[in-house]
Each structure stands twice: as structure tokens, then as C-alpha cells.
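Atoms within each ligand, like the ligands themselves, are counted from 1 in listed order. Please read these numbers as outputs of a predicted model, since none were measured by experiment.
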Amino acid sequence: MKIGFIGLGNMGAPMAANLAAAGHDVSGYDVASTTAQGVTVASDIATAVDGAEVVITMLPNGAILRDVADSALPRMTAGSLLIDCSTVDVESARDTASQADAAGVLFVDAPVSGGIGGAAAGTLTFMAGGSDSAFEKAAPLFDIMGQKAVHCGDAGAGQAAKICNNMILGVTMIATCEAFAMADKLGLDRQKMFDVVSTSSGYSWSMNAYCPAPGVGPQSPADNDYTPGFASELMVKDLGLSQQAAEGADADTPMGALALALYKQFVENEDGLGKDFSAMLPRFEARSRDT
Ligand code: NAD
């Protein structure tokens, strides 16, 4: 299949390389002139898109997605498919879907979970929104780039699932970190804390699979000096999108709002920039009730 791939960054490059390794003819474009193994480098969006049966985008935000879609969609043939794998606001996903529809192009919003490791290993999870026919056409490509794809509903449903998931993730990571820091002050051994909580009602992915305490639980960024992993600034982005969506939908999300405020403070005013989002634990460790 001829595939145009736009946005060969940390995630896009390995995803495009996996499609090429599976035998697809992939033409890739990135403003930063990045490349990916096995992918033909295109000099602009038009060259990447022309003649493609499927175009995949993996871009930083909704504004850039809209720009790229403006250039790409008029060149795409009727019946071809645009898959946006970026994490963007629900409105940008839905507007791009309408624009694609008007051009006779199928559209799926398909943000991912699994990070850079999952992109390289081809083990991402895709959360997809779009028509049945669009999802069916995209599914074989999801199988190459990932291990699971859930068809969540109509256009925008993939982005909705992603930001709800990451709102839970941000909130539970903060709760897990503040509890560890409190346990320290109560004289509770971290390993004992893990042994109890990971098998009790406080368990979560943050505790059990991505424990923020170094040397405790499975291997995680905490064991590598909090090198991301999933950077705190990306958590700020996703929590910002969840609050934007909550405002648009009139949803009451006080915990999500507080998680956004804390991660923003961590990234903008403390030393959180460039650190894994589980580095909230040393942050809480260094604080008292008054700081
Ligand atoms: P990245 O910044 O490494 O890659 C984005 C790429 O898009 C860059 O190479 C940039 O040059 C390119 N780009 C920007 N504007 C462009 C344009 N107009 N035309 C062509 N290329 C353009 O980011 P990433 O880590 O690869 O993340 C991509 C998306 O995936 C984001 O939406 C992010 O939120 C999401 N995501 C990232 C992770 C992660 O762990 N990195 C995990 C899940 C989801």
C-alpha cells in the first residue's frame, strides 16, 4: 500500500519505519527534515500525499493538524483514508473529520498509548474514532504499529478516550506520589508500602506498573533518575486538553483541574521540565505542608 506519513518525530519515525518494514511503500515528510528507516523522504506534504491510499499524521497539536490537513486533503483521492495519530483537542479532530468528509476522504482519529518504546516495538494501543468503514480500512495498519486498537465511536471518540485516560493517569500518579511521600514521613518502608498498596484497594497502573519510587516495584523511569518515559510537559499538554474538553462539555472535573495546576507548577516554576511525570515523588518528598 502507498502510505504518506507526515510528522517523523519521536513517535512518528518509528511508526513509519514499522510500516515500511512490513512491506508498505511509505513516503514521509517532516518540517524538521527528520527521516525514518526504510521511508522515502518527501520534500513537502504534496509529494508525501500524492497517490497515497492512506495518509497518517503524527503531529504536536491540533493547530498544526488543521494546517497539515488543509494542505493534504485537497490532494487526496476520493475513498482514500486520513488517520491522525496525534493527541489533539476533540474539536480539531471533529473539524478535520468534517473537512475530510467534504473531500470524500475517510477519517479516523487514532491517538495512541504506549510511548516511544511502544512506537518502536510496534506495541501501541490505538483509540479510534470514525465510521466503521474508515476503522476497517485502518485496522491492518494499526495491527502493524500496535498490539490493540479499540473502535471507540464516531469522529473525536478516540481523542475523548485518550484524554479521559490520561486525566485518570495524572490524578492517580499525583495521589500515588503524595501517599509515598506521606508514608516516608510516617516511617513506613517504601517496599512495604508497595507490597500492601499494589495488592490492596489503592492499586493502580501508576503504583503497580510504573511505580514512582526508585528500587521498588517493576523497572520504571524512577530507576533511571526520572528520565522520561512520559515527560511531565506532555502530561501538562494532555491535562490541558482534558480541561479544554471538560469546559466545552460542561463536565465538572475538579481533580483533573488540580492535577493540571500541579503539573504546570512543576514544569514551569519547579524543576519538572524534561523529567518523567513520576518525578512528582521527589517533588512531594522535598515539601512540607506549608511550602
Ligand atoms: P515530536 O515533537 O517528537 O514529533 C512531532 C513532529 O512533527 C516533529 O518532528 C515536527 O518537526 C513535526 N512537525 C511539526 N509541524 C509539522 C508540519 N507542519 N508538517 C510536518 N511535520 C511537522 O512529538 P512526538 O513525541 O512524536 O509526539 C507526537 C504526538 O504523539 C503528539 O501529539 C503527542 O502528544 C503524542 N504522543 C506522544 C507520546 C510520547 O511518549 N512521545 C505518547 C503518546 C502520544
Please work out, at 4.0 Å between heavy atoms, whether the side chain, the backbone, both, or neither of [X] comes within that distance of ligand 1.
{"X": "Ile6", "answer": "side chain"}
{"X": "Asn10", "answer": "both"}
{"X": "Leu234", "answer": "side chain"}
{"X": "Val88", "answer": "neither"}
{"X": "Pro60", "answer": "both"}
{"X": "Lys162", "answer": "side chain"}

Between Leu186 and Met182, is any pair of side-chain heavy atoms under 4.5 Å apart? yes
I want to check something: taking the side chain as every heavy atom from C-beta on, are Leu59 and Val68 in contact at a cut-off of under 4.5 Å? yes
Strictly by modelled atom types, are Asn208 and Ser198 linked by a side-chain donor-acceptor pair under 3.5 Å? no
So, Gln191 versus Asp195: side-chain donor-acceptor pair below 3.5 Å or not?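 Checked: Gln191/Asp195 side chains pair up, N/O donor to acceptor below 3.5 Å.
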Protein contact to [atom] [nearest heavy atom, distance to 0.1 Å]:
{"atom": "atom 4 (O) of ligand 1", "value": "Gly9 CA, 3.3 Å"}
{"atom": "atom 39 (C) of ligand 1", "value": "Met11 SD, 3.6 Å"}
{"atom": "atom 12 (C) of ligand 1", "value": "Asp30 OD2, 3.2 Å"}

Is a side-chain donor or acceptor of Thr123 paired with a backbone partner of Ala119 at a separation under 3.5 angstrom?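 No: the side chain of Thr123 does not pair with the backbone of Ala119.
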Short side-chain to backbone donor-acceptor contact, Ser220 and Cys211, under 3.5 Å: yes
Does the residue Asp67 have a heavy-atom contact with ligand 1, meaning some pair of atoms that are separated by less than 4.0 Å?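 Contact check Asp67 vs ligand 1: negative.
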Tell me whether the centres of the aromatic rings in Tyr210 and Phe277 are closer together than 6.0 Å.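 Between Phe277 and Tyr210, which both carry aromatic rings, the centre distance is below 6.0 Å.
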